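All remarks here apply to the structure that follows.
Note that these values count all heavy atoms, side chains included, but never hydrogens, waters or copies made by symmetry. The structure displayed is predicted, hence computed values, not measured ones.
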2 protein chains.
Amino acid sequence: MSIAERKQEEKQEMHQRILNAARKIFLEKGYEKTSMRNIANEINYSPGSLYFHFKDKTEIFQELQKEGFTLLLNQLKVLNSVADPFERLKASGRVFIQFAQENKDYYNLMFMVEETVKDPTETRFTIAQEAINHMCSMIRDCQQQGKFKEMDADYFTFMVISAMHGICALFCKDRTTSFINKTNEELMENGYACFVALLEKS
Amino acid sequence: MSIAERKQEEKQEMHQRILNAARKIFLEKGYEKTSMRNIANEINYSPGSLYFHFKDKTEIFQELQKEGFTLLLNQLKVLNSVADPFERLKASGRVFIQFAQENKDYYNLMFMVEETVKDPTETRFTIAQEAINHMCSMIRDCQQQGKFKEMDADYFTFMVISAMHGICALFCKDRTTSFINKTNEELMENGYACFVALLEKS
DNA sequence: CAAATTTATTAAACAGTGTTCAATTATCAA
DNA sequence: TTGATAATTGAACACTGTTTAATAAATTTG
């Protein structure tokens with residue numbers, strides 16, 4: 001089966017070549033403005049051949065989405081070494097926002113595109129749920145230390161994620177320009193600091 | 001000039017007919033999936049003629065965006081009768097979130113599409129800035145009552161808007177499904193309640 | 001080795017998109 | 001009625017995602 005294996009590897013190599021080209025162009029031009037022909041041209045490939053390796057445009061896109069999620073999760077995992085749960089929670093928000101700043105296009109692909117696939121067994125879903133559960137248990141740990149008392153952990157988690165996402169979402173769709181005389185970085189950093197200040201008083 | 005006036009009115013009538021058709025289809029199918037031919041067909045018009053009344057597709061879209069903004073602002077204006085600034089602030093958030101729930105498509109058009117025009121004199125920009133200033137002065141009023149002390153009003157405003165927008169943004173892109181066993185309404189209502197609880201303790 | 005079969009690739013075609021433009025009709029002023 | 005202006009049209013252009021029949025390459029089988 002050595003030949004079949006090599007075949008398999010060659011196919012995966014092509015798979016990766018396509019994905020690399022797609023990543024480059026998707027992150028440059030966004031989902032809608034990237035065409036299958038664009039991706040094919042990038043690697044001197046025929047547009048039709050893409051459909052031999054991927055079902056359609058969304059399947060390519062979803063693989064990149066997955067990439068983004070694991071990239072973000074890896075950055076968050078580093079914080080597992082932070083012992084104090086509240087410190088870890090605060091740092092998680094900072095990492096999250098920094099990720100959005102440094103990977104604006106990934107963030108757009110990951111969180112700002114309408115979710116079409118509703119299959120809950122899909123990999124991206126399980127990753128998202130994992131992230132939410134991680135967040136929620138962090139908050140429960142905080143509660144055991146006396147913070148966020150009499151708050152429902154699930155809804156509180158949703159709120160914290162919403163607040164962080166809101167900051168990033170405004171940034172990623174250029175809706176920060178209406179806040180005059182402030183740079184994106186100032187708004188996001190100090191805005192998050194305000195949120196942290198609220199958390200600290202609770 | 002009576003004839004010229006009538007002419008003008010007839011033109012504006014066509015302008016409105018197009019806008020009505022566009023609103024219907026944009027809100028049904030979203031920006032990308034709505035074609036100029038779709039809009040033209042809806043009113044038995046030729047696609048080319050649309051370009052006599054509007055520069056391009058984005059110009060039609062932006063008029064609808066403006067509609068959405070004034071619709072939201074009108075709903076918020078009602079709260080001017082609420083004397084206590086903190087009560088008004090809390091109610092504003094509720095109205096904002098309710099607007100997103102009841103006008104999901106408008107909300108997507110208004111806040112979830114990349115901002116291309118950066119002209120700060122554009123109507124939508126002035127409306128947005130008006131809304132932000134309104135929000136900010138409300139928060140300053142709260143501060144005069146002793147709330148949110150030692151917080152920078154501008155950044156605090158950004159944070160509050162972000163938090164509200166975050167809730168709506170997750171909802172509008174169907175990213176709430178990862179929070180299992182909770183409906184959208186439960187998440188948004190109780191999530192916002194958590195945020196209010198934070199505000200109350202500050 | 002040759003034939004048959006599987007695998008991979010291609011170009012052409014289909015139905016759709018936003019937009020432009022010359023030709024055409026309708027409307028009004030002189 | 002003529003000339004000019006305003007409004008409308010359909011065809012065309014260059015693009016889009018996707019399908020498919022034909023082709024080429026590689027592998028398996030006889």
Can you measure [X] atom [atom1] to [N] atom [atom2] for me and round it to whole angstrom units?
{"X": "B:Glu59", "N": "C:dG18", "atom1": "CD", "atom2": "C1'", "value": "15 Å"}
{"X": "A:Lys57", "N": "D:dT19", "atom1": "NZ", "atom2": "C1'", "value": "17 Å"}
{"X": "A:Met36", "N": "C:dA15", "atom1": "CE", "atom2": "P", "value": "20 Å"}
{"X": "B:Glu32", "N": "C:dT17", "atom1": "CD", "atom2": "P", "value": "13 Å"}

For the side chain of A:Arg37 and the base of D:dG17, is some donor closer than 3.5 Å to an acceptor across the two?
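It does, because a donor-acceptor pair links the side chain of A:Arg37 to the base of D:dG17 below 3.5 Å.
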Should the pair B:Lys182 and A:Tyr155 be classed as cation-pi, given the thresholds of under 6.0 Å to the six-membered ring centre and 45° from the axis?
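Ring-cation test returns yes.
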Counting only heavy atoms and a strict 4.0 angstrom limit, can you tell me which residues of residues 44-56 of chain A come near DNA chain D?
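Contacting residues: A:Gly48, A:Tyr51, A:Asp56.
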DNA chain D contacts among residues 12-29 of chain B, heavy-atom distance under 4.0 Å:
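The stretch gives none, as no residue of it lies under 4.0 Å from the strand.
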Only distances under 3.5 Å count here; give the side-chain donor-acceptor pairs of residues 192-202 of chain B to other protein atoms, sequence neighbours excluded, each with its distance to 0.1 Å.
residue  : atom : partner : partner atom : Å
B:Tyr192 : OH   : B:Lys90 : O            : 2.7
B:Glu200 : OE2  : B:Lys90 : NZ           : 2.7

Which pairs would a plain distance check flag for residues 94-104 of chain B, meaning a side-chain donor or acceptor within less than 3.5 Å of a matching protein atom at least two apart in sequence or in another chain?
residue  : atom : partner  : partner atom : Å
B:Gln98  : NE2  : B:Glu102 : OE2          : 2.9
B:Asn103 : ND2  : B:Phe99  : O            : 3.1

Report yes if the side chains of A:Ile18 and A:Met14 come closer than 4.5 Å at any heavy-atom pair, otherwise no.
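Yes, at least one pair of side-chain atoms sits under 4.5 Å.
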Verdict with reasoning, A:Gln62 to A:Gln65, per side chain to side chain contact (heavy atoms under 4.5 Å, CB included):
CA-CA 5 Å; A:Gln62 281 162 14; A:Gln65 229 183 7; 4.0 Å; yes
Distance-only polar pair, side chains of B:Arg23 and B:Asn20, donor-acceptor under 3.5 Å:
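Indeed, the side chains of B:Arg23 and B:Asn20 share at least one donor-acceptor pair under 3.5 Å.
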Would you say D:dC15 has OP1 or OP2 under 4.0 Å from some side-chain N or O of A:Ser35?
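Looking at the OP1 and OP2 atoms of D:dC15, neither is under 4.0 Å from any side-chain N or O of A:Ser35.
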D:dG17 phosphate, OP1 or OP2: any side-chain N/O from A:Asn38 under 4.0 angstrom?
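It does not, given that no N or O in the side chain of A:Asn38 lies less than 4.0 Å from OP1 or OP2 of D:dG17.
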Sequence neighbours excluded, every pair satisfying ring-ring contact (aromatic ring centres under 6.0 Å, His included) that has a member inside residues 20-46 of chain B:
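Found B:Phe26-B:Tyr31, B:Phe26-B:Phe61, B:Tyr31-B:Phe61.
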Which pairs of donor and acceptor atoms, one on a side chain in residues 71-81 of chain B, lie under 3.5 Å apart (sequence neighbours left out)?
residue : atom : partner : partner atom : Å
B:Asn74 : ND2  : B:Thr70 : O            : 3.3
B:Asn80 : ND2  : B:Lys77 : O            : 3.3
B:Ser81 : OG   : B:Val78 : O            : 3.1

